Chemist: 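Sharing a structure with you now.
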Amino acid sequence: MAKIFSGVQPTSIPHLGNYLGAMRNFVTLQDGNECIYCIVDEHAITLPQDPGEIQRNIRNLAALYLAMGIDPKRSILFIQSEVPCHAQLGWIMQCVSYMGELERMTQFKDKSKGKTSVPAGLLTYPPLMAADILLYNTELVPVGADQKQHLELTRNLAERFNNKYGDVFVIPEPYIPPVGARIMSLAEPEKKMSKSDTNRKATIFTLDSEKDIIKKIKGATTDDEAEIRYDREKKPGISNLLDIFSICSGRSVEELVNAYQGKGYGEFKTDVAEAVSGTLRPIRERYNNLIESSELDEVLDEGAERAYDIAQQTLKKAEKALGIGRIS
Ligand code: TYM
């Protein structure tokens with residue numbers, strides 16, 4: 001039994017990369033573990049958001065978590081900004097962080113590139129993420145490959161704090177799946193699939209219609225050969241589709257490569273599209289039943305209460321170790 005924590009930003013509807021790289025593991029990890037999952041709305045505002053849109057996205061994400069299979073009887077589901085300990089420990093973790101290490105984060109470099117005014121929150125994003133994880137004595141953090149560096153920083157910050165002020169934090173491990181940890185853009189398969197991609201053909205969102213899923217997969221960029229084989233460097237498009245197909249069909253990449261020997265890309269793409277539609281269809285149906293229900297608010301209310309009970313204990317320990325406030 002391990003303590004699990006992870007989060008997703010409510011910056012849009014989660015895409016296929018979010019689901020295959022992280023969220024589907026949130027569901028399977030519920031068996032035999034203590035899981036806490038978060039809608040990280042404070043992380044979302046590190047870049048400007050439209051207030052109405054973020055409100056809708058928070059609700060959509062809550063419904064999607066449940067539609068994907070998060071069971072509120074077994075797991076805690078809550079909104080980050082509803083548990084103030086995150087911002088409080090986030091500040092403490094900022095004070096433990098060095099500017100240089102934050103400036104070296106790839107995500108910070110990517111998101112601040114070319115901007116004349118960079119929000120300070122973009123730089124201090126990782127200490128807040130560290131706080132999210134450390135508040136719950138987390139042992140394992142299921143994430144996609146792009147979060148590996150943030151996880152390493154979290155471990156460093158926790159160790160630095162423990163060495164200086166005493167053993168307060170559990171040191172967490174990342175849980176990065178062997179297949180699906182880096183789902184690539186359908187249009188430019190050298191780039192990862194991303195919520196902020198302006199090319200509508202690049203990203204499959206988990207609530208896309210069947211028609212759109214088929215259109216996007218059929219239009220996916222591949223190569224000039226006519227051979228289905230796995231080679232991330234030379235055949236990034238086909239390899240990405242093989243990863244997606246493998247997870248959505250439950251068949252190994254090797255098995256698929258053998259099964260599609262001598263077959264054309266057209267037939268292959270039709271079958272990939274069918275597998276993806278089949279995976280997302282039940283999620284979309286459950287989402288439609290949940291989105292207007294009051295169940296969602298009950299789950300989030302209870303989740304925030306249960307999360308707070310755990311988080312405030314860790315926060316108190318950290319404050320006491322630092323000697324801040326009037327703690328005897
Ligand atoms: P976010 O919201 O960008 O993404 C949510 C999860 O999806 C994974 N992911 C991908 N996996 C495979 N292929 C892709 N193309 C792809 N794109 C995204 C991400 O790795 C992530 O696991 N910083 C986090 C949110 C966060 C968090 C946390 C995560 C805040 N606090 C504490 C874990 C623990 C993020 O931006 O995720």
Side-chain angles (χ1 to χ4, degrees), residues 3-27 29 35-47 49 54 57-58 60-61 64-65 68 78-81 83 85-87 89-90 93 105-108 110-111 121-122 124-136 138-155 157-158 172-197 202-206 232 236 239-240 243-244 247 307 311:
K3 291 195 166 73
I4 314 275
F5 180 95
S6 199
V8 177
Q9 295 192 63
T11 38
S12 79
I13 299 292
H15 55 63
L16 193 62
N18 298 134
Y19 180 61
L20 300 183
M23 297 178 84
R24 85 194 157 93
N25 298 322
F26 298 179
V27 178
L29 283 167
C35 299
I36 305 183
Y37 297 120
C38 188
I39 296 169
V40 291
D41 54 350
E42 289 169 328
H43 278 106
I45 58 163
T46 51
L47 285 174
Q49 303 290 334
I54 193 166
N57 281 334
I58 288 171
N60 286 339
L61 183 53
L64 271 165
Y65 262 119
M68 286 173 186
F78 74 103
I79 301 172
Q80 185 186 33
S81 64
V83 178
C85 311
H86 289 255
L89 187 65
M93 299 321 289
M105 291 291 114
T106 316
Q107 190 170 300
F108 172 72
D110 288 348
K111 293 200 171 168
L122 212 51
T124 56
Y125 180 114
L128 178 61
M129 179 161 161
D132 297 343
I133 296 167
L134 299 175
L135 279 171
Y136 300 96
T138 306
E139 291 158 315
L140 216 52
V141 187
V143 281
D146 63 344
Q147 296 302 314
K148 193 165 174 239
Q149 198 185 31
H150 287 162
L151 253 295
E152 271 159 23
L153 181 75
T154 299
R155 290 168 56 87
L157 297 180
E173 296 275 348
Y175 176 96
I176 297 172
V179 184
R182 195 170 163 81
I183 299 294
M184 310 307 275
S185 149
L186 296 179
E188 295 165 82
E190 308 76 25
K191 277 183 15 188
K192 71 168 184 180
M193 186 177 281
S194 150
K195 288 173 187 166
S196 54
D197 203 318
T203 310
I204 291 180
F205 292 95
T206 46
R232 276 256 179 192
S239 303
N240 190 38
D243 279 341
I244 294 172
I247 302 171

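Just so you know, ligand 1 is whichever comes first in the structure, and atom 1 is the first atom listed for that ligand. Since this is a predicted model, take the numbers as computed values, not measurements. Just so it is clear, the values below take in all heavy atoms, side chains as well, and ignore hydrogens, waters and symmetry mates.
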Chemist: Side chains of Thr203 and Asp197 only: does a donor on one sit below 3.5 Å from an acceptor on the other?
Modeler: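 No pair is found: no donor N or O on one side chain lies under 3.5 Å from an acceptor on the other.
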Chemist: Return all side-chain donor-acceptor pairs below 3.5 angstrom for residues 128-135, not counting sequence neighbours, or 'none' if the list is empty.
Modeler:
residue	atom	partner	partner atom	Å
Asp132	OD1	Gln80	NE2	3.0
Asp132	OD1	His86	ND1	2.8
Asp132	OD2	Gln80	NE2	3.4

Chemist: Does either side chain, that of Thr106 or that of Gln149, offer a donor lying less than 3.5 Å from an acceptor on the other one?
Modeler: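 Judged by distance alone, the side chains do pair up.
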Chemist: With a 4.5 Å heavy-atom cut-off, do Leu16 and Met193 have their side chains touching?
Modeler: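 Leu16 vs Met193: side chains touch.
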Chemist: Tell me, do Ile39 and Val8 make a side-chain contact under 4.5 Å, heavy atoms counted?
Modeler: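 In short, these two side chains do not touch, never coming nearer than 4.5 Å.
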Chemist: With heavy-atom distances below 4.5 Å as the criterion, would you say the side chains of Tyr65 and Tyr37 are in contact?
Modeler: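 When only atoms from C-beta onward are counted, Tyr37 and Tyr65 do touch, with a gap below 4.5 Å.
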Chemist: Between ligand 1 and the protein, find all N/O pairs closer than 3.5 Å and give the distance for each.
Modeler:
residue	atom	partner	partner atom	Å
ligand 1	2 (O)	Gln9	N	2.9
ligand 1	2 (O)	Lys195	NZ	3.2
ligand 1	4 (O)	Asn18	ND2	3.2
ligand 1	7 (O)	Asn18	ND2	3.0
ligand 1	11 (N)	Gly17	O	3.1
ligand 1	13 (N)	Ile183	N	2.8
ligand 1	15 (N)	Ile183	O	2.8
ligand 1	15 (N)	Met193	O	3.0
ligand 1	20 (O)	Gly144	N	2.9
ligand 1	20 (O)	Asp146	OD1	2.4
ligand 1	22 (O)	Gly144	N	3.2
ligand 1	23 (N)	Tyr125	OH	2.6
ligand 1	23 (N)	Gln147	OE1	3.0
ligand 1	31 (N)	Asp132	OD2	2.7
ligand 1	36 (O)	Gln9	NE2	2.8
ligand 1	36 (O)	Tyr125	OH	2.7

